[in-house]
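Worksheet for the structure shown next.
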There are 2 protein chains.
Amino acid sequence: MRLLIVEDNVELSRLLASGLMAAGYESDIVNSVAEARDALRSVSYAAMILDLSLPDGDGLSVLSELRRKNDPLPVLVLTARNGLQDRVNGLRTGADDYLAKPFALEELVARLEAILRRPGQLLGSSLKLANLVYDTESKQVFVDGAPHVFSARETSVLEILLRRQGRVVPKKNVEDHIFGLSGEVASNAVEVYVSRLRKLLSEHNAKIVIHTIRGVGYLMAEEK
Amino acid sequence: MRLLIVEDNVELSRLLASGLMAAGYESDIVNSVAEARDALRSVSYAAMILDLSLPDGDGLSVLSELRRKNDPLPVLVLTARNGLQDRVNGLRTGADDYLAKPFALEELVARLEAILRRPGQLLGSSLKLANLVYDTESKQVFVDGAPHVFSARETSVLEILLRRQGRVVPKKNVEDHIFGLSGEVASNAVEVYVSRLRKLLSEHNAKIVIHTIRGVGYLMAEEK
DNA sequence: GACCAGCTTACGCCAGCCTTACATTGCTCT
DNA sequence: AGAGCAATGTAAGGCTGGCGTAAGCTGGTC
């Protein structure tokens with residue numbers, strides 16, 4: 001699952017990213033309002049962690065822009081301001097939660113996961129399809145109850161296809177989900193991972209097929 | 001919108017209910033774990049405000065029961081305990097937010113609305129006709145809820161006719177929509193794709209017909 | 001019945017996709 | 001540190017199915 005961290009303090013953002021990685025999340029870091037806008041336009045994130053004081057403007061403007069577009073992206077606001085009015089403003093603008101600095105990394109992770117667990121269900125309940133169960137917390141795959149561990153990339157592809165099972169997932173979305181902002185990929189990596197995932201699923205007798213929709217993307221469904 | 005307040009302090013619960021009514025929400029008040037369970041079983045609420053210390057048990061048990069049943073009901077936990085560990089526990093159990101007493105009514109409303117704001121948007125903008133739904137984002141077609149995948153060209157024709165259902169679409173418009181500006185087509189491609197689309201729609205039992213208007217174009221409508 | 005617009009089927013071509021192989025990187029265990 | 005190993009991204013070659021074209025057919029119109 002990929003997050004966007006908007007924070008101009010380099011030290012803090014690195015700390016966040018590494019803490020979140022330990023908790024099993026990938027993240028992209030940007031340092032300004034402008035970069036945040038770009039990132040949000042090009043990649044689909046599971047959530048955003050947003051600092052309010054940024055060099056080129058107020059983080060809340062990014063948030064209010066999102067909400068004006070009816071984008072339900074979970075947003076956790078991070079700030080030094082901790083007045084009641086600040087908190088109320090943040091939440092009214094559409095923040096899903098509000099955390100004042102300084103904070104414990106543990107609490108940030110807990111609050112983040114609480115956000116992700118809400119309707120929209122990015123986290124929490126496991127995902128199921130046919131005889132396969134994928135636990136979103138431990139990132140473990142079970143086929144007929146037997147546990148398997150796939151590599152990070154394979155899991156990532158499985159997850160996004162599983163979340164949108166029965167629906168077509170554009171190839172570009174898969175690519176963004178796997179690689180985020182970290183340099184565009186100059187190869188057929190997505191195809192390779194889909195291929196590897198197909199092989200894995202079949203080896204483990206999962207009753208699942210990944211259909212290819214030429215020129216569009218992929219569709220995961222139960223094998224009939 | 002109706003809320004469930006689970007709180008044994010009568011004074012506080014009344015205060016909450018009146019404050020929420022002022023903000024435009026109806027609410028039911030219950031005082032115990034047992035009553036909460038009954039209420040949840042018989043009524044469908046928009047959200048629950050849950051106090052943890054109740055006369056007959058821990059409010060968290062109500063919450064964990066809900067989540068075990070994959071019920072995504074938004075829950076705002078309310079409590080006097082405010083240790084980091086308490087908050088983390090509450091959020092991990094599946095609370096959407098956690099508010100420590102004492103709190104300002106204004107903040108509770110703001111947090112509640114932050115929780116309620118997210119739409120469970122499963123599909124992008126979609127076009128409908130008879131028993132067919134077309135999702136413009138994933139470019140997927142559903143007939144009686146069953147997903148189908150058409151090729152790029154077929155989808156393209158379907159989309160323009162669907163967007164102007166009930167109206168005649170000049171053949172030239174269809175051609176432009178399919179091929180854009182990229183060089184004119186020196187054949188009867190439009191006719192070919194309309195033909196293929198008709199075949200597909202009928203194969204999938206879509207209750208839709210494409211009428212031909214000689215010398216003009218096509219008209220898509222519900223089959224009577 | 002002659003004409004004409006549109007319908008349908010067949011077919012070769014090629015972009016897009018699949019798969020395999022391989023070099024590189026980063027991690028683990030000794 | 002170094003060996004061993006797994007995972008990752010790239011490249012290359014083969015394959016497939018969607019594509020546009022053309023040709024023969026249908027049915028409505030004058």
Side-chain angles (χ1 to χ4, degrees), chain A residues 2 17-18 21-22 24 26 139-141 148-161 168-204 208-220, chain B residues 139-141 148-161 168-203 208-220:
Chain A
R2 181 163 291 274
S18 74
M21 184 169 300
E26 313 269 308
K139 296 186 180 301
Q140 246 188 314
V141 179
H148 300 288
V149 179
F150 295 178
S151 83
R153 298 304 198 205
E154 289 148 7
T155 303
S156 188
V157 173
L158 173 68
E159 182 177 326
I160 189 175
L161 294 182
V168 177
V169 183
K171 187 188 260 189
K172 187 72 172 69
N173 288 18
V174 178
E175 186 181 322
D176 290 344
H177 186 252
I178 303 179
F179 301 106
L181 288 181
S182 58
E184 294 306 299
V185 179
S187 78
N188 58 352
V190 171
E191 290 162 27
V192 170
Y193 283 108
V194 168
S195 170
R196 288 176 183 164
L197 184 55
R198 278 184 174 132
K199 196 175 171 193
L200 281 171
L201 292 176
S202 118
E203 278 172 7
H204 294 113
I208 289 179
V209 282
I210 301 175
H211 297 284
T212 300
I213 317 314
R214 283 198 155 223
V216 185
Y218 297 93
L219 182 152
M220 178 172 275
Chain B
K139 303 201 175 296
Q140 206 174 351
V141 179
H148 299 289
V149 177
F150 296 177
S151 83
R153 297 306 196 206
E154 290 148 6
T155 302
S156 188
V157 173
L158 173 67
E159 181 173 333
I160 189 176
L161 294 182
V168 178
V169 183
K171 187 187 266 190
K172 185 72 171 71
N173 288 19
V174 178
E175 186 180 319
D176 290 345
H177 186 253
I178 301 180
F179 302 103
L181 304 172
S182 60
E184 296 307 299
V185 178
S187 78
N188 59 350
V190 171
E191 291 161 27
V192 170
Y193 285 108
V194 168
S195 168
R196 288 176 182 164
L197 184 55
R198 278 181 173 134
K199 194 176 172 191
L200 281 171
L201 291 176
S202 115
E203 278 172 6
I208 289 180
V209 283
I210 302 175
H211 297 286
T212 299
I213 316 301
R214 279 201 146 222
V216 186
Y218 299 92
L219 183 152
M220 176 171 275

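Labels below follow one simple rule: chain letters A, B, ... track the order of the sequence lines, proteins then strands, and each chain is numbered from 1.
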Heavy-atom closest contact (A:H177 atom, A:R2 atom, distance): O-NE, 3.6 Å
Within-4.5 Å side-chain heavy-atom neighbours: A:L219 and B:V149: yes
End axis versus end axis in the helix from C:dG1-D:dC30 to C:dT30-D:dA1, the angle rounded to 10°, five pairs used at each terminus: 30°
Euclidean distance, atom CD of residue B:E191 to atom C1' of D:dT26 [Å, nearest integer]: 13 Å
Side-chain N or O of A:S195 closer than 4.0 Å to phosphate OP1/OP2 of C:dT19: yes
Ring geometry between A:H148 and A:H204 (parallel below 30°, tilted from 30 to 60°, perpendicular above 60°): tilted
Touch class at under 4.0 angstrom, heavy-atom based, for B:V194 against every strand present: nothing
Touch class at under 4.0 angstrom, heavy-atom based, for B:Y218 against every strand present: sugar-phosphate
Side-chain H-bond candidate by donor/acceptor type, A:E154 with A:S151, under 3.5 Å: yes
Length of the line joining B:K199:NZ and D:dG18:P, which is rounded to integer Å: 13 Å
Spacing of A:R214 atom CZ relative to C:dC18 atom P, expressed in whole Å: 8 Å
Value in whole Å for how far the C1' atom of C:dC17 lies from CZ of A:R196: 15 Å
Side chain to side chain contact (heavy atoms under 4.5 Å, CB included) involving A:S195 - partner list, sequence neighbours excluded: none
